[in-house]
Asker: 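Here it is, the structure in full.
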There are 2 protein chains.
Amino acid sequence: MNDLRDDRAIAVEALIRYLECRDQVSAYERNLLANLSMRFKAFGKGEELVVEHSRPNESCLVLSGFTGREVMLKDGTRQITAVHIPGDFVDLHALLLKLMDHSVVALTEVHAAYVPHQELVRISEAAPHLSRLLWLSTVVDGAIQRAWIACIGRRKPLHHLGHLICELSVRLNAVGLAPRHSFDFPVTQAQLADVLGMSLVQVNRTLQALRRTGLVSWKASTVTIHDFAALAELCDFDPIYLNLINEPR
Amino acid sequence: MNDLRDDRAIAVEALIRYLECRDQVSAYERNLLANLSMRFKAFGKGEELVVEHSRPNESCLVLSGFTGREVMLKDGTRQITAVHIPGDFVDLHALLLKLMDHSVVALTEVHAAYVPHQELVRISEAAPHLSRLLWLSTVVDGAIQRAWIACIGRRKPLHHLGHLICELSVRLNAVGLAPRHSFDFPVTQAQLADVLGMSLVQVNRTLQALRRTGLVSWKASTVTIHDFAALAELCDFDPIYLNLINEPR
DNA sequence: CGTCAGATTGATATTCATCAAGATCGGTGG
DNA sequence: CCACCGATCTTGATGAATATCAATCTGACG
């Protein structure tokens, strides 16, 4: 395990890198972030970073690995409503929501940092612009969720899956984790089914159909997009909703 | 049409009522809101309040009627990713997103107020707590979208429709528009299909199945829930995600 | 080698979209 | 007042898409 000094540096850098994809972060703001108090924790596959119905007093940032927001229905089925990648401030809204309406679970091995809410409130008082950037990060999550609603509601399975892969590739690439449209995504087809709102068998067959297009390969846990433009065209993927434009907010 | 003084009073009251469902609004904060500059506009069914790919410099608040966020796919199908009710600050995220990734359309006749972004930025500088409340309103929108993802992805049509009705009833009731679980919802089944991600025929049949449960009647444009507790139980509806709890944020 | 999780496959039943045709309703103009 | 019209709702029939069930296969690992 990394020592704490490493974890802290990683967390602060990840967060700043995330924010800098969308706007400038001033030295003053960097300094505020660098002085946040944090605790760190590692999670195994399936473990919960944030528990449904709890009242967190800290918010959680992913340092490595993939997490998902999980909604369990009373009939026992599960829907994952969001996938978060390293650098995402996954649980920032707990600051405002107070009471969790869902869990955040580790889809893979995960390292995470927790920041006390009072420190975030302090930022919102002391640094309005930085506060808007944090606000922005929750708003981008909302934009992604809207894209997902459209995918589940109206796209064909093949396009839905391809759209997801495009999205992950672009998001990971923004934080340096998907060079040449290739990235590691160690999830099972069963997990993927809960992300896509399909059955396991359907996922398996859709994956095969996607491979047959020749645009993507997915071997072991490595996803590689061979022709991003063609895949984006096929799946009607337009990255505008990810808001990866650096401009004043 | 109302004169402007009326519209302004309605807008400010609607917004304060919305925020007060979740936290206290101080006299200072009220005053800031009351002095926002606004322009007002009326829309007919199907007209766009906010246009995809535009760069709004003002954000839009619904005063009366229902609006929806509309995503059009290249195959011509449509998905509505959110329904907004009077009092919702529909387009608050445009403040941060800059470039719209979707449209906001009038599902019925709609009156709306537009507030310049610079005034909202000023609030974020001058009133951190009020700013957090506005942030909260976008975060609640996100929570609703997550619930929708779960509904589209995993619930049966009957439960999905019932869940939507429960949600609308609770949200409308919070702003005084659904006394005794009865409210006006003048949308066509075709619009509903785009909300639910189903075909028109499916919506029609699901509506009939819902009527047969005896828990809901939907005549002309009036929806009445006869047994809210039973409907909520049937559809696995838990209002926690709407965050209608008044507490410090 | 045996075990286990995960991936794959085939068969079957169900659900759902689509197509096409009426029925109903509200409003309009003669 | 009535005939007509368009929008919306309703219904039945059909085929395609998808979930489900039940094996079987594969690869990693002790």
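Each chain gets a letter, A, B and so on, in the order its sequence line appears, and its residues count up from 1.
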Asker: Quickly work out the A:R212 CZ to C:dT8 P distance and round it to whole Å.
Answerer: 12 Å
Asker: Just how far, in rounded Å, is C1' of C:dT15 from CZ of B:R154?
Answerer: 15 Å
Asker: Please lay out, stage by stage, how B:L210 and B:L215 fare under the test side-chain contact (heavy atoms from CB on, under 4.5 Å).
Answerer: CA-CA 7 Å; B:L210 187 66; B:L215 299 173; 5.8 Å; no
Asker: Does CZ belonging to A:R180 count more than 12 external heavy atoms closer than 6.0 Å?
Answerer: no
Asker: Do A:F185 and A:F66 make the cut of ring centroids closer than 6.0 angstrom?
Answerer: yes
Asker: With heavy-atom distances below 4.5 Å as the criterion, would you say the side chains of B:H84 and B:D141 are in contact?
Answerer: yes
Asker: In this structure, how many angstroms lie between the C1' atom of D:dT8 and the NZ atom of B:K219, rounded?
Answerer: 18 Å
Asker: Provide a list of protein-nucleic acid N or O atom pairs under 3.5 angstrom, restricted to nucleotides 9-17 of chain D.
Answerer:
| residue | atom | partner | partner atom | Å |
| --- | --- | --- | --- | --- |
| D:dC9 | OP2 | B:Q189 | N | 2.9 |
| D:dT10 | OP2 | B:Q189 | NE2 | 2.7 |
| D:dT10 | OP2 | B:N204 | ND2 | 2.7 |
| D:dT10 | O5' | B:N204 | ND2 | 3.3 |
| D:dT11 | OP2 | B:Q208 | OE1 | 2.6 |
| D:dT11 | OP2 | B:Q208 | NE2 | 2.8 |
| D:dG12 | N7 | B:R205 | NH2 | 2.4 |

Asker: Would you find a donor on one side and an acceptor on the other, under 3.5 Å apart, between the side chain of A:Q202 and the backbone of A:S199?
Answerer: no
Asker: From CE of B:M198 over to C1' of C:dT18, roughly how many Å is that when rounded to an integer?
Answerer: 16 Å
Asker: Let me know the distance between CD of B:Q191 and C1' of D:dT8, rounded to the nearest Å.
Answerer: 11 Å
Asker: Rounded to the nearest angstrom, tell me the gap between atom CZ in B:R155 and atom C1' in C:dC16.
Answerer: 19 Å
Asker: Across nucleotides 24-30 of chain D, 5' to 3', mark each nucleotide with B, S or - according to how protein heavy atoms within less than 4.0 Å reach it.
Answerer: -------
